[in-house]
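Everything below concerns the one structure shown next.
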There are 2 protein chains.
Amino acid sequence: MTISDSENRRNKLIRAAASLFHEKGYAATTVRDIARAVGLQSGSLFYHFRNKEEILVAVMQNGMRRTSEAAAAALDGLSDPSERLRALFRAHLETLLGDLQDDMIVLLYEQRSLPIEARGELVKLRDEYEQVWQQVISDAVDAGVVRGDPGVVRRFSLGALNWTVQWYRKDGPLSPTDLADEFLNTITI
Amino acid sequence: MTISDSENRRNKLIRAAASLFHEKGYAATTVRDIARAVGLQSGSLFYHFRNKEEILVAVMQNGMRRTSEAAAAALDGLSDPSERLRALFRAHLETLLGDLQDDMIVLLYEQRSLPIEARGELVKLRDEYEQVWQQVISDAVDAGVVRGDPGVVRRFSLGALNWTVQWYRKDGPLSPTDLADEFLNTITI
DNA sequence: CCTACCGATCGGTAGG
DNA sequence: CCTACCGATCGGTAGG
């Protein structure tokens, strides 16, 4: 089956690119690096992607989609505001810090590498995700679980969680789930 | 005075580089970009710096030093744990989000662009700064102002503040000082 | 998907 | 600090 073979190769390239973009950054990663990581010649990469930027977009879309799906799954069936808040915090950190999950990190830290014209679809996905956060936090504030302006609390919370990428080590004492609970412990009333 | 003229030129280059590194990233900024920003030929830049990396180090050291000094000045004379916590939060956000202050942002967001061998002095400065934070937060926890493990609270707090770079707009409704207070309002008991 | 290659640009240097 | 330049490497393409 040629189609699925080609799809497989394309996915391998996207995953290899995510890892390299995370490690060295987008600008410092060459198309030769990416091709070599999956055993291709550099020219062959352009059979799968029109240009380097298209690879970045694919990586970021994977990350955003994965994260949104994890959040939706975690919230599914929950109605208590406090439980929903906890589930969302956990899901976010788990998708961000889990294994082989560089794509979301690339989305977060390579915004400036993507020209504004190329952000269309991504902005939409991101807005939807932030809407989910806004709702969950807003409900938590209304229920008296946390204190503050929901928009500001949302930004600070996502910031604190997203920044864990800078210091979190898998061999440390706390799991992503533990960390989410620790943060909740600090901000809940 | 030739020495101070040369110092001036060097400082102008560092400031221009900080702005460009912030805007486009270190790898995507060329030495020609930096030279052009202060009206030099690209070759002349290497009269002031041995190589591109040395410029990055200079930018980051400026940022770290500025931030440490602002924190020390803000804490000077304060002894109440709650007041010290507030002063530290405000000082950090004000130096991070103020005008023409790209150097600290570059320090925070370009870590991976600097080879480990070149980090020596920077790591020392950063450790000292984090020690200040650790102490202030630890005292605040002991005084019952915030809740949680001091190391984790420190990391989450700095993360939340550092991430404001991603979304803060100067023409928005909140000043850096307001933002610091908002965050404190959410995490203090 | 490979081979062979391109024009452009990169960080950096020599010599004044 | 400029001029003139270098070797290396970059993203991307044509032709099979």
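Everything quoted here is computed from the prediction, not taken from an experiment. Just so we're on the same page: letters track the sequence lines, and every chain starts at 1.
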| Candidate nucleotides C:dC10, C:dC2, D:dG12, ranked by approach to the side chain of A:S44 - the nearest | C:dC2
| message | Before you tell me yes or no, could you show the steps for B:V57 and B:M60 under side-chain contact (heavy atoms from CB on, under 4.5 Å), namely the whole-Å CA-CA distance, both residues' side-chain angles and the distance that decides it to 0.1 Å? | response | CA-CA 5 Å; B:V57 171; B:M60 289 181 166; 5.9 Å; no
| Rounded distance in Å - CG (B:N8) to C1' (D:dC1) | 16 Å
| said: Under 4.0 Å, heavy atoms only, any strand: does A:L45 hit a base, just the sugar-phosphate, or nothing? | reply: nothing
| Of the candidate nucleotides C:dG11, D:dC1, D:dG11, which contains the atom at the shortest distance from the side chain of B:R9? | D:dC1
| Would you call A:E130-A:R154 a salt bridge at under 4.0 Å N-O? | yes
| Nearest to the side chain of B:T30, which nucleotide is it out of D:dC10, C:dC10, C:dG12? | C:dC10
| Length of the CD1-C1' vector between A:I34 and D:dC10, whole Å | 13 Å
| query | Side chains of A:Y109 and B:Q166: do they bring a donor and an acceptor to under 3.5 Å? | reply | no
| Going by atom types alone, do A:E128 and A:S68 pair a side-chain donor with an acceptor below 3.5 Å? | no
| note | In whole angstroms, the gap separating P of D:dG11 from CZ of A:F21 amounts to 9 Å
| query | Are A:Y168 and B:F156 linked, directly or through other ILVMFWY residues, by side chains that come within less than 4.5 angstrom of each other? | reply | yes
| request: Return the value, rounded to whole Å, for the distance between atom NZ of A:K24 and atom C1' of D:dT9. | output: 12 Å
| remark: Atom CD of A:Q41 and atom P of D:dT13 are separated, to the nearest Å, by 18 Å
| Of all the choices, C:dC1, C:dG12, D:dG12, which nucleotide is nearest to the side chain of A:K52 once you look at every atom? | D:dG12
| said: Counting only side-chain heavy atoms from C-beta out, which of D:dC1, D:dT13, C:dG12 sits nearest to B:H48? | reply: D:dC1
| query | How close or far is atom P of C:dT13 from atom CZ of B:F49, stated in whole angstroms? | reply | 15 Å
| Partner of C:dG16 by Watson-Crick or G-U wobble geometry, both contacts under 3.5 Å, or none? | D:dC1
| field | Whichever of A:R32 and B:Y26 has its nearest DNA chain C nucleotide further upstream toward 5' | value | A:R32
| remark: Whole-Å distance, B:Y47 OH to D:dT3 P, equals 17 Å
| task | Mind calculating the distance between CG (A:D33) and C1' (D:dA8) to the nearest angstrom? | result | 15 Å
| field | Closest to side chain of B:F46, choosing from C:dG11, C:dC1, D:dG11 | value | C:dG11
